[in-house]
Every structure is written in C-alpha cells, then in structure tokens.
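To start, the structure under review is shown below, and the notes come after it.
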Amino acid sequence: MKMKELLLFLSCVLSVSADPLHSDIGIIGCSDSDGEDMNGLDGEEVRYADFIKQKDIYPQPPFIDPITYPGAYEQAVANQQVCRENIKLFGKGMKDFPPEQDAPSAVMIYTRDEVEFGEKNTLICHVTGFYPAPVNVSWTKNQQKVTGSSINTPYLNKDGTFRQTSRLDFTPQLGDVYSCAVQHLALTKPLTKIHEVEASARSDPGVGPSVFWGVGLTLGLVGVAAGTFFLVKGNECS
Ligand SMILES: *[C@@H]1O[C@H](CO)[C@@H](O)[C@H](O)[C@H]1NC(C)=O
C-alpha cells in the first residue's frame with residue numbers, strides 16, 4: 001500500500017480550563033501530491049497555507065478583529081519538507097500495514113440563504129466523517145459539469161475523522177437541478193447529493209398562506225362556537 005494518504009500530525013490542540021472557553025487547532029499534513037497547514041479556532045478556519053498561490057490565506061469574516069500569524073507561511077513550507085521526509089520513513093517502516101480508511105459518514109447539500117428565484121445564493125456541500133483527508137467534490141448543473149466551486153481545507157473532528165465544505169455560487173432558477181459528487185479513497189463510486197430548485201412559498205405565496213388562513217379561521221370559528229355553547233350551558237345551570 002502506497003502512503004498516498006494525507007498523514008496528519010496534530011501539532012497542537014489547546015483548550016482553556018476543564019470547560020474550554022475556546023479550542024485552537026493546528027493541522028500539518030502531507031501526501032505525495034498534497035499538503036495542508038492550517039489553524040482553526042472553535043471549529044472555524046482562521047488561516048491556511050495556499051501552496052499554489054504561495055501565501056497564507058485568512059478566510060475570516062469581516063466582523064471579527066483579524067487574527068494573523070506572521071511568518072506562518074514560511075514555517076508551513078518548512079513543515080511540508082519535514083512531513084514528506086516523515087512519510088518516506090513511515091512508508092518504509094509500515095509498508096505492509098494497510099492504513100485505516102473511513103468513507104464519509106455524511107454528505108449534506110443545502111443553500112446558504114433561503115431560496116429566492118433570481119437572487120444570488122450559495123450551494124453548500126458539507127462532507128464529514130472521512131479519513132484520511134481530503135475529499136474531492138465536483139458539481140453539476142442539469143447534468144453538466146460546472147466549475148468555479150471552492151473547497152476549504154480539511155478540519156479535524158473530535159473523533160479523528162475530517163470534514164470539508166465545498167461552495168458553489170449560483171442563482172436559483174425554477175427547475176434547475178444541482179448535484180455535488182464526493183470522491184474519497186474509501187469509496188468505489190462517488191457519493192452524490194441533489195438539490196432541486198423547486199417552487200417555494202417564498203417567491204410565490206401560492207396556496208401556503210391561504211391554507212393557514214383557512215385553518216386559522218376555522219379553528220377560530222370552532223372556538224367561538226364552543227365558547228358560545230359553554231356560555232349558554234353555564235347560564236342555564238345558574
Ligand atoms: C482527487 O482529484 C485528484 C486530481 O484530479 C486526483 O489525483 C485524486 O486521486 C482524487 N482523489 C480522490 C480521493 O478521488
């Protein structure tokens with residue numbers, strides 16, 4: 001068995017007090033063809049090294065005070081060298097041991113925002129429970145391959161498996177069918193999830209609210225009738 005898999009070295013998992021306020025994570029990993037060097041905080045990506053763009057990326061939302069790690073990219077490059085050396089050593093030492101493999105335990109597809117026709121939105125394909133990292137995620141629209149999706153770096157779950165999220169910007173049009181297909185070392189064929197853009201109550205109120213109205217009105221009338229009945233009965237007894 002070739003050590004193609006991402007070997008992961010947990011460099012630090014730090015928590016504050018018994019009931020952790022925050023949990024900080026650092027992942028350094030590599031394979032023959034791939035590498036990861038990232039920092040996370042409370043389940044979110046704070047920084048990762050982009051070895052193609054040759055710099056650190058800080059995928060943080062605009063509403064937080066930026067957290068930066070000066071010099072981390074150079075360190076990440078050095079870490080990759082060490083990681084690849086280690087892989088060679090482990091490959092020799094463990095050549096006959098088939099590495100553990102877990103196929104993704106769940107794939108979920110959903111939209112970032114509530115769907116409104118013609119309004120820009122993002123499709124999210126969330127994959128979790130796999131080992132080793134990473135997964136490949138590809139997207140189709142009406143059976144045709146689409147490009148332009150992005151995927152974050154693998155994040156470690158508490159049980160030692162990984163999760164990853166792929167995103168595809170799209171503009172919902174009635175009847176369009178999207179799919180995300182997940183490839184992983186432990187899968188013989190891709191796991192696929194479908195999202196269909198359906199007529200929703202949001203842009204076309206249609207029958208939904210009026211049914212509610214009807215039910216509400218009926219319940220109200222029943223209430224009035226019952227109330228009147230008991231009122232009359234009550235008066236009769238006194
Ligand atoms: C993911 O895609 C790359 C590039 O196409 C390929 O080399 C690799 O084997 C794929 N990984 C999996 C798990 O299918």
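Remember, predicted model here, so these are calculated numbers, not experimental data. Ligands are counted one by one from 1 in listed order, and the atoms in each one are counted from 1 as well.
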Sorted by chain and number, the residues that approach ligand 1 to under 4.0 Å with a heavy atom: Asn136, Gln183, His184, Leu185
Can you find a heavy atom in the side chain of Ile194 that is under 4.5 Å from one in the side chain of Cys180?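 Counting from C-beta outward, Ile194 and Cys180 never come under 4.5 Å.
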Are any of the side-chain heavy atoms of Pro66 and Gln60 separated by less than 4.5 Å? yes
Does Tyr155 have its ring centroid less than 6.0 Å away from the ring centroid of Phe162?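 Aromatic pair excluded; centres sit 6.0 Å or further apart.
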Are the aromatic rings of His184 and Phe130 close, with centres under 6.0 Å apart?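 Under 6.0 Å, so yes.
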Would you say Tyr73 ends up clustered with Met38 if hydrophobic residues are merged whenever their side chains have heavy atoms under 4.5 Å apart, either directly or through other cluster members?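 Different clusters: Met38 never reaches Tyr73 through Ile, Leu, Val, Met, Phe, Trp or Tyr contacts under 4.5 Å.
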I would like to know whether Asp32 and Arg84 meet salt bridge (charged side-chain N to carboxylate O under 4.0 Å, His left out); could you show each step before the answer? CA-CA 7 Å; Asp32 291 344; Arg84 274 160 210 240; over 6 Å; no
